[in-house]
Every structure is written in C-alpha cells, then in structure tokens.
Amino acid sequence: MNRVRLLVLNAALGALDYTVPDGVQAPPGTVVIAPLGPRTVTGIVWDDGRLPGREIEASKLRPIREVVPVPPLAAPLRRLVEWTADYYCANLASVARMVLASGGALGGPTTTTEYRLTDAEPAGRLTAQRKQALERLMGEQGTVRELSAAAGVSEGVLRGMVGAGLIEPVQVAIDRPYPRADADHDQPDLSPDQSRVAGELVEAVRARSFAPILLDGVTGSGKTETYFEPVAEAIRLGRQVLVLLPEIALTENFLTRFEARFGASPVVWHSSLRSTERRRAWRAIARGADKDGAQVIVGARSALFLPYADLGLIVVDEAHEISFKQDEGVRYNARDVSVMRARFEDIPVVLASATPALESLHMASTGTYRKLDLPSRYGGAELPPIKLVDLRMEKPAQGQWLSAPIIEGLKARLEAGEQSLLFLNRRGYAPLTLCRNCGHRFKCPNCSAWLVEHRLSARLACHHCGLETRPPEKCPECGEADCLVACGPGVERIADEVAALFPDARVAIATSDTLGSPDRAAQFIAQAESGAIDVIVGTQLVTKGFHFPELTLVGIVDADLGLEGGDLRAAERTYQQVAQVAGRAGRGEKAGEVLLQTRHPDAPVIEALANGDRDAFYEAETEARRDAGAPPFGRWAAIILSSENEREAREAANRLGDSRPHLEDVTILGPAPAPLALLRGRYRYRFLVNARRSADLQGVLREWIERQDFAPGVRVGVDIDPYSFV
Ligand code: ADP
Ligand code: ZN
C-alpha cells in the first residue's frame, strides 16, 4: 500500500493523507476522488514533503476511491500553485481550484444536447415570436437558453417550436476537437522593424527556455501582427500558446484577426463559458496541441492556471492593464504570475504594451527582461499630437462639459465625414444625484458610495455592489416631486450634450453597459468601421485595442479625473489611459489630433503628455517612487478587515494594530476606515504596509495575522502588490 498526501480542494480541510490500492498508479499531480466521512472530496496527489499535514498512522488511513481520468498536473504547474499561494498569502486549495476550473471537466456526461432549426415548413400562420425566432436562429446551434438569448424570445416559445417540429435536438460530443490553426494560412508582409522583432521572438520560441520579453511598441505599430509570428512558430513545433487579453470586449477584434492569420479560431477561455464549453476547452488544453488538443488559447487572466500539456509561449497583450489584477478571492496579478509560469515551464513570455508598467520598464532597464521596440506606427501613420485645453481659460457653458476647442474639432470632423472619440471614464449619466429642494443625496444603502444615474436604463445604480433602483418620483427625504438634479457628467450626459450641439450626428456610447457581451462589442466595432457612427463617447473600454481608420479626433473630457481616488499609481494610470486613448486617433491615412481638457496643465504628467515625452514622465515617476519606497523600489501590501458589524470590524482592526510587529524595514500604517468604509454591507478597516525589498514581507504578514484569533464574522483579506486601495 502506497501512501499519498492530497491537496484537497476545500480550503477548510487542507491536506489529507490516504492510501493508494495496489495496482493503481497515482503519481504526484494525479487528480483523485477520496472518501471523507460519508461524502467524497476531490484532491490532487501532491509531492512528498511539500505539504504540511498531520502524521497519521498508516493503518488508520482510508484508500482513495478513484483516479480521475485526466492527465496528472505537471510539476511546473504544481510549483506555480505553490508559488502563487506563497507569494499572495493565499490558500493553496483556492489556487488549486483555479487549475481544476471546472468540476465538470473531471467527469460527467460526454455528450450534450443542442438545438437548431429544422427544414420543416411551418404549418399555418406563425406567431410574431416564432417568426422572429426562425429569422434570427438561421445557422445557429446551442442550448435552449443560448438560442433564447440569440432569438430574443422566451425558452417557452422555443420549447413550443421543438414540439411543433420547427426546432430539433442534436447530440454533440462535448470533447470534440477544435478546428486546426494553420501557421502559414496567410502570412502578412512585415515592416523591417516588425520583421526584426518577430525574428527575435521566433528565436526565443525555438530556444525553448525561459525568456521574459517586453514588447514596447507605440499604438498602431502592429504588435499583434508581430507577435503572431512566434505564435505561428509554436504551432509549427506542435506546442501550445496562451494569449492573455485584459478585456472580453477586446476578444472579438482579436478573434477576427487571428482567424484571418491562422484560418481558424483559437480556443477561448473566460469566466462566462458554459460548463460544457469549459469542459471541452479544459480537456483539449490538457491533451496538448499534438494530440488533437488546443493549440492557441486566448483567455482572461484565469486561463493562466489551466493544465497546458506543452506550453511553448505566453503572450500578455496590453500588459499594463490593471484588469490583470484580480481583486477578490486569490488576489493575484496575471501579468506577474505569467512570468513565473514561463519560468517554471522554461519558455518565453512576451509582455506587449504601448505604455508598459513602470515595474516592467524597470525590469528591462536592469536587464532582467529583454526589451524589443516598435518605435513607429505601421504604414507610416504619425502619432497624433496632444494639445492641452486649460479649462480655467476655456470654460464650457453652464451645465456643459465640452469646451469651445473640442466643439470646433467635432464640427470640423462632422463636416469632413470623419470620426471623433470623446473619452470620459465615468459610466452613466451623472455620478451624483440630489434633491433640488432639500439637498438630499442618493446613496447606496450597502456601500459608502453615491448612486449613479443611468438614464438609458432609467436606474440609479451602485457601481460597487450592483444595486439598482428606479429613480423615485418624490424625494424620500422631503417628499418634493420631480426634484432630482444630476451633478457632474457621465458618458451619457456627454452624449446628450453632443446630440444637442449636433442634432444630425450619429452618437454611440461605448461602455461596459453598452458593450458588455462579445456580440454587442462586435456589433459596435462593425458599425464604427463601416462609418455608421460619427461620435463615440466612451469609458476606458475604448482606450485599447480598437482600430478605426477614420477616427481623427480624440477629446479627453477630464484628464484630471484619474489623479483623484484610491489608485496607488494615479499618475502612471493617467499617463497610460491618455496615451492609449490618444493612440486611437489618426491610425489610418489621415492625421489625428488629441485635445485634452484639464484644470492642471502644469501637473508633470499632463506636461509630459503634451510634450509627447514619455521618457521624461517615466524618469520623474521613477524618482518619485524611489523616494517613496514604492514599487519597484519597495513593496506594498494592503490588509482589509471587514465585518457586517461595524464594532466587530473596528475592534478586530484595533486588536490587529496593537499586535503589529515593529521592524526596521517594514512600515505599517493604520488601521483606518477604508475609503469605501462600507462595501456590500460590510464595514471595512485597512492597513497599508510598506516594506523595503530586503524584508520578508509575506513572512511578516503571515506571522502577524496567523497569530490572531478573529471573531467568526470577521474576514481578513491580504492584497500583495495592490493597485487600487479603496
Ligand atoms: P498595436 O496593437 O500595436 O496598437 P495593431 O496590432 O492593432 O497595433 O496594428 C494596427 C493596424 O495595422 C491593424 O489594423 C493591423 O492589422 C495593421 N497592421 C500592422 N502590421 C501590419 C502588417 N505587417 N501588414 C498589414 N497590416 C498591418
Ligand atoms: Zn452599493
């Protein structure tokens, strides 16, 4: 009888020991089902000596029940799980759960039922709903739920149509292979710069060893075309590629280009896949490219922890994006973990960006990362100049937000038949609503935040907890009717302002509210490309990835907005956002122009943007970080304690504060109420920890926090390398 220690996928249980019956193979990495009391648990056989557990006499151990028929998780992935848990002070089981992302991947049925239209002629007259379904479902196949969404009719209507023989069920094998990508399907002609960089990247793939590479290319330089070459090389070698993208709205654009280059779609991975798609992708990823499995996987950050059979390359596109940082559960940064994964797998990793994170540039300057540059736009387009509009001099009219220069710019573009983009990183109509009569402000009952008015959907919404209510007819405080006034602008209000100024302009709002699904994003892109939109008003969603050749004006409504709030890297974030959104202008043959409204034209970051002097900005920011002991020179961690009971949260925070370690190289600030002192009904207190590089930050935190006994209602969250701090 062989004895094994399991990493059980239940954070409360930790590691448990079992025996393996004779004749059963269960090397480290094997996924097994084991009995626990009257139930069973899923676990992963872990390497000897790497998991602390209780030593129990062999005779008391129970045998595992069964080995799950999936390939054992390879050692590099097991090391990654350990590293992630260790570095982010997270629970090993929670990290391991990300690997086995879908319980469904491990077992369950192998076929599923989908539905599609039949050829049958409808007998008699059709109801309007059935007619609509017949029109919209042409060529579609999916579950009843998916078809209901695609057709815009209820599931009941579709079931009725199944009964009437208009829709039929089909059995499909869940694990059927994906269409194969062809490395040489349609090779583009690369510019000399692109060829040089692509050549180096291809070499790195051939070398089959760890190489972190920063691909620093200006907006419109063709980073995607360039990194497709090493992707092609990996496909030729029969190895897998993971491309991480920050935002699902970007995927559609990427998929189109990928298909054009490789003749087939990549395998897509994100959190809203349905369970059969998840299972299919997971198993294809675990099979490997050469065994009819997945070749190229495009995914959101969670794709980083999947069990690739033979990974040959990782690309992180838009690597500066903060959406790579997960702020719940295991709080990890997919950009940083991707470098670790590449290291454990011994493969190259490419971080692509026009505005790299200061941390990444620092790694390049110290020689830890190799830096490859694409200094100019593809096809000879020029980067647009950024002109400042000083809002103290150029005051917009009362209750309006666009200054005369932007209005003139819009007018000129409309007359020339060109597109404009107005950027404001605020969803909804107005960030604050009050009662004209008594001054009552509409606040979220669960969060310390104002409710944001969304006129398109006629709702007041909390952007933190998702609460939505209908705007009341009367003020709940004073009872006055029709008394609500909007304060400040959101994108919807800017769109109204444009519509009032230019009644004939075709205005589109681009935010996660309007482009939330891949379908809607694709629709928006198609419209913008065909010239059916004159003015786009958008949030940070439009700062990246889009390429509209007719877009020649970008107006930044409020460049100062990013400098406020709880962002620990406010100046850098502002720089990146403005540079990215500015990069949408003048990508085609016509030159672009960027107008930036600000009340602080002298702020260093605004000056650097106006002068187009990226190096000066990064140098100044680097010095500021060095002085503050901020990353990359020192390190930060945040601790948030929360409870539904205010007193319980405060007392826990105070007690933790009282037992703080006093160390030379670690400074602990707090406790203080978090800026979002109430979030989703939980009261929050925080500490900010600043450590020198010499300190064992994680060790200090673990030792400090694990000594405490917290009341059961108290949650403690540790955030290593935090971005937002609210
Ligand atoms: P970036 O990501 O660097 O901002 P993109 O990869 O979006 O730039 O490229 C900008 C545009 O130029 C895209 O429409 C892309 O298809 C086009 N492009 C870039 N390189 C080439 C090339 N070698 N051949 C043809 N088109 C290219
Ligand atoms: Zn809320």
Side-chain angles (χ1 to χ4, degrees), residues 186-199 201 214-229 231-232 243 245-247 250 252-261 315-321 350-356 372-384 428 431 441-452 454 459-469 525 528-529 542-551 576 579-589 592 642 674-684 726:
D186 184 13
Q187 205 144 3
D189 290 326
L190 298 182
S191 72
D193 270 339
Q194 291 177 337
S195 294
R196 172 182 49 81
V197 171
L201 295 175
L214 182 60
L215 173 52
D216 186 358
V218 299
T219 54
S221 57
K223 292 185 285 297
T224 317
E225 260 75 16
T226 305
Y227 74 64
F228 274 171
E229 293 316 299
V231 171
V243 180
L245 295 181
E247 201 91 48
L250 287 178
E252 209 48 45
N253 179 24
F254 180 90
L255 295 182
T256 315
R257 286 167 74 173
F258 188 93
E259 257 192 79
R261 172 70 181 80
V315 177
V316 185
D317 203 351
E318 310 286 354
H320 61 279
E321 276 291 326
V350 178
L351 309 181
S353 175
T355 52
L372 300 176
D373 297 326
L374 289 172
S376 52
R377 283 190 155 180
Y378 175 76
E382 292 286 323
L383 279 175
R441 298 167 166 214
F442 288 85
K443 219 174 140 273
C444 176
N446 312 320
C447 307
S448 15
W450 307 124
L451 292 178
V452 177
H454 286 249
R459 289 281 186 281
L460 290 173
C462 171
H463 287 180
H464 297 284
C465 70
L467 173 112
E468 289 192 1
T469 64
I525 292 169
E529 281 177 349
V542 297
T543 60
K544 49 209 158 195
F546 295 124
H547 178 77
F548 303 135
E550 291 298 316
L551 203 160
Q576 289 169 331
Q580 290 285 347
V581 71
R584 297 312 111 199
R587 291 166 74 96
E589 289 176 359
S642 70
L676 262 174
L678 179 64
L679 177 64
R680 292 187 199 101
R682 301 183 69 87
Y683 294 88
R684 306 165 77 238
V726 289

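Here, residue 1 is the first one in the sequence, and each next residue gets the next number. In listed order, ligands and their atoms are each counted from 1.
Close contacts of ligand 1 with Val218, meaning ligand atoms under 4.0 Å from a residue heavy atom, involve 3 (O). Those atoms of ligand 1 that come under 4.0 Å of a heavy atom in Leu190, given as number and element, are 23 (N). With ligand atoms numbered from 1 in the order given, ligand 1 contributes 2 (O), 6 (O) to contacts under 4.0 Å with heavy atoms of Thr224. Of all the atoms in ligand 1, the ones that sit under 4.0 Å from a non-hydrogen atom of Thr219 are 4 (O).
Here the angle centred on the Zn ion (ligand 2), running from SG of Cys444 over to SG of Cys462, is 110°, rounded to 10°. When SG of Cys465 and SG of Cys447 are joined through the Zn ion (ligand 2), the resulting angle is 110° to the nearest 10°.
Proximity of Asp189 to ligand 1, defined as any heavy-atom pair under 4.0 Å, is confined to the backbone N, CA, C and O atoms. In His547, the part holding a heavy atom less than 4.0 Å from any atom of ligand 1 is the side chain. The proximity of Arg377 to ligand 1, defined as any non-hydrogen pair under 4.0 Å, does not occur for either the backbone or the side chain.
Ligand 1 has an N or O atom lying under 3.5 Å from an N or O atom of Gly220, backbone or side chain. On a distance-only criterion, Tyr378 and ligand 1 share at least one N/O pair closer than 3.5 Å. Below 3.5 Å of separation, one finds no N or O of Ser191 facing any N or O of ligand 1.
Here His464 fails the criterion, with no N, O or S atom under 2.8 Å of the Zn ion (ligand 2). Within the coordination shell of the Zn ion (ligand 2), defined by N, O or S atoms under 2.8 Å, His463 is absent.
Under a cut-off of 6.0 angstrom, the local environment of CG in Asp189 is sparse, with at most 12 non-hydrogen atoms contributed by other residues, nucleotides or ligands. Within a 6.0 Å sphere centred on CD of Gln187, other residues, nucleotides and ligands contribute more than 12 heavy atoms.
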Residue pair Phe442, Thr469: steps toward the side-chain contact (heavy atoms from CB on, under 4.5 Å) verdict: CA-CA 11 Å; Phe442 288 85; Thr469 64; over 6 Å; no

query: Could you walk me through whether Arg257 and Glu225 pass the salt bridge (Lys or Arg N to Asp or Glu O under 4.0 Å) check?
result: CA-CA 9 Å; Arg257 286 167 74 173; Glu225 260 75 16; 2.7 Å; yes

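Note on ligand 1: Thr226 sits outside its first shell, no heavy atom being nearer than 4.0 Å. The closest approach between a heavy atom of Gly217 and any atom of ligand 1 is not below 4.0 Å. A heavy-atom separation below 4.0 Å is found between Arg587 and ligand 1.
Remark: aromatic rings of Phe258 and Tyr227 are distant, center separation not under 6.0 Å.
In this structure a side-chain-to-backbone donor-acceptor pair under 3.5 Å is missing from Arg459 to Glu468. Judged by distance alone, the side chain of Thr226 and the main-chain N or O of Ala198 form no donor-acceptor pair under 3.5 Å.
The aromatic rings of His454 and His463 sit perpendicular, their planes meeting at an angle over 60°, well past the 30° parallel limit.
Once rounded to the nearest 0.5 Å, the distance linking CZ of Arg377 with OG of Ser191 reads 14.0 Å. Expressed to the nearest 0.5 Å, how far SG of Cys444 lies from CG of Leu679 amounts to 9.0 Å. A distance of 7.0 Å separates OG of Ser353 from CG of Asp216, quoted to the nearest 0.5 Å.
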